[in-house]
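Only heavy atoms go into these numbers, but all of them, side chains included; no hydrogens, no water, no symmetry mates.
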Amino acid sequence: MASSPNHHHNHTPNGDSKTHVPKKPKLSPAFITASEIASEFSHHDPNIARINNGSFGSCPAFIIEAQRQWQLKYLAQPDHFYFNELKKGIHQSRTIIKDLINADHVEEVSIVDNATTAAAIVLQQAAWGFSESKFDKGDAVVMLHYAYGAVKKSIEAYISRAGGYVIEVPLPFPLTSNDEIITEFKKALEKGKANGRRVRLAVIDHITSMPCVVIPVRELVKICREEGVDQVFVDAAHSIGCTDVDMKVIGADYYTSNLHKWFFCPPAIAFLYCRKSPKCPELHHPVVSHEYGNGLAIESAWIGTRDYSPQLVVPSVLDFVNRFEGGIEGIKKRNHETVVEMGNMLAKAWGTHLGCPPEMCASMIMIGLPACLGISSEKDTQKLRTHLREKFGVEVPIYFRAPKNGEVESITGYCRISHQVYNKVDDYYKFRDAINQLVSEGVTCALLSN
């Protein structure tokens, strides 16, 4: 087990600081074992097949302990913690994130609670553009139809109220290629530029939540530049620890990702990248505190008395992921390969199909559920999800796809499975067997209680 960041080993060879002995070659520590992984996540409910890492993430015991040490340090002497530890610790975490995402400057990285907070920061700035008459009423903001529900609400709260024209990019599902996404996105930008309007902001997901698919962000950002879109904000709530994240390659003005979903941090921590550019206006945290006006990173590092420990454990998380072969890159690769394998297994067992080609998913994948389950509304998805949790011990999100005109007995329900290091193949077999049992017993959503 990697040592605590606060634990130092001070010893000299043979107990004599003046003795010089030839240094033995440093042996790299053995990679984490299956039993050690099980121990790290032993606090998980053993009765649940937890194949929904995407929603809330997971935090190993090693990081929970590191967080506890930070919390105790604060409680022991809050003044010392505030004046001597907090800013330094958050700056260290920001520096690690800057390297992970290949940003140019640590000043471009702020730490906030979650991607929803980051979206509020960016959208608040856009709303000021309308209210301060920098933008014309009716100028557009473009977002994907698949955009996360909370972000859609933020766009309603900030942009619509300020007089912005909101355009949703309709996307088909299931998907067969990136071309379908690119074509619809170009059409939406044309609509946004009609009648002399300007597209002031494009909000693009990197990995959509429901239905889940990896969006070709690099290509969409490039199209935005070619079409004269003012600013591009990538909502990548799932991305870090799940897919490739490179600010120089992606090229967005703003980019956010949670670290508690796929990077093993406790909630709540996310980063917001703001590209250093004369064209990028100064952003502000929506919670105004003493640091207002000192730059978003400094403002975000103190929004009043609260628990900052999730933002301080990033160095410990780096220690944890580096115990796995290939570090976080190796984890991402194995999660992707395994979730595709499990997705194909389930689709074959149920006689259905995947929601998109494997290359369009990361550590999560959509699989069609048997049509005979009769999923005909959002309410049905909640009823089935609750039934799977309470009767079968399976936790998995379910998506309703409204049938197109003329479709009969088509697949209208899809599940989203995740794979993280703690998952076992039995988790997916448990899910497979639960659905097969429901089908064999003739259970439909209409028969399930609310």
Side-chain angles (χ1 to χ4, degrees), residues 1-4 28-67 96-97 100 207 209 212 214 236-245 257-270 310 313-346 358 361-365 367 393-397 415-432:
M1 185 62 61
S3 62
S4 160
S28 60
F31 294 124
I32 194 166
T33 64
S35 63
E36 286 172 332
I37 293 171
S39 174
E40 286 287 356
F41 296 97
S42 60
H43 52 282
H44 286 187
D45 186 337
N47 300 310
I48 298 288
R50 186 169 158 158
I51 49 178
N52 181 30
N53 192 84
S55 284
F56 299 106
S58 51
C59 188
F62 176 65
I63 305 306
I64 293 170
E65 178 56 27
Q67 179 185 23
I96 290 170
I97 294 166
L100 284 169
I207 302 174
S209 176
C212 172
V214 178
H238 287 275
S239 68
I240 192 162
C242 190
T243 194
D244 294 339
V245 179
S257 184
N258 294 311
L259 277 79
H260 58 258
K261 282 188 186 285
W262 293 97
F263 201 67
F264 302 106
C265 284
I269 172 175
V313 299
V314 178
S316 298
V317 174
L318 207 56
D319 289 343
F320 177 75
V321 298
N322 286 336
R323 297 198 58 219
F324 291 80
E325 186 176 358
I328 195 62
E329 295 301 318
I331 291 170
K332 275 162 40 180
K333 181 175 182 290
R334 289 185 293 275
N335 281 342
H336 169 71
E337 288 168 354
T338 309
V339 87
V340 169
E341 184 186 344
M342 293 299 101
N344 281 322
M345 180 272 292
L346 292 173
C361 74
S363 303
M364 300 180 288
I365 200 163
I367 308 110
V394 173
E395 188 60 63
V396 65
C415 60
R416 185 193 77 188
I417 63 167
S418 299
H419 188 274
Q420 186 50 291
V421 297
Y422 56 82
N423 283 122
K424 296 180 174 64
V425 71
D426 286 349
D427 296 332
Y428 306 92
Y429 289 159
K430 190 176 184 182
F431 182 31
R432 175 199 65 190

Subject >> Partner set under ring-ring contact (aromatic ring centres under 6.0 Å, His included) for Phe324, not counting sequence neighbours >> reply: Phe320
Subject >> With Ser39 via side-chain hydrogen bond (donor to acceptor under 3.5 Å, both in side chains) - residues at least two apart >> reply: none
**OP:** List in chain and number order the residues that pass side-chain contact (heavy atoms from CB on, under 4.5 Å) with Asn47, two or more places apart in sequence or in another chain; answer none if no residue qualifies.
**Re:** Asp45
Subject >> Which residues share a salt bridge (charged side-chain N to carboxylate O under 4.0 Å, His left out) with Glu65, sequence neighbours left out >> reply: Arg68
**OP:** For Ala49, check side-chain contact (heavy atoms from CB on, under 4.5 Å) against everything at least two apart and list the hits.
**Re:** Val394, Asp427, Lys430
Subject >> Residues that Lys332 engages under salt bridge (charged side-chain N to carboxylate O under 4.0 Å, His left out), provided they are two or more places apart >> reply: Asp244, Glu329
Subject >> Residues in side-chain contact (heavy atoms from CB on, under 4.5 Å) contact with Val317, at least two apart in sequence or another chain >> reply: Ile63, Phe263, Phe264, Cys265, Val313, Val321
**OP:** Quick one: list whatever passes side-chain hydrogen bond (donor to acceptor under 3.5 Å, both in side chains) with Ser35, sequence neighbours left out.
**Re:** Thr33
Subject >> ring-ring contact (aromatic ring centres under 6.0 Å, His included) involving Tyr428 - partner list, sequence neighbours excluded >> reply: none
**OP:** Not counting sequence neighbours, which residues clear ring-ring contact (aromatic ring centres under 6.0 Å, His included) with His44? List them please.
**Re:** Phe41, Tyr422
Subject >> Contacts of Pro358 that satisfy side-chain contact (heavy atoms from CB on, under 4.5 Å) - sequence neighbours left out >> reply: Val340, Leu354
Subject >> Residues forming a side-chain hydrogen bond (donor to acceptor under 3.5 Å, both in side chains) with Glu337, sequence neighbours excluded >> reply: Lys333
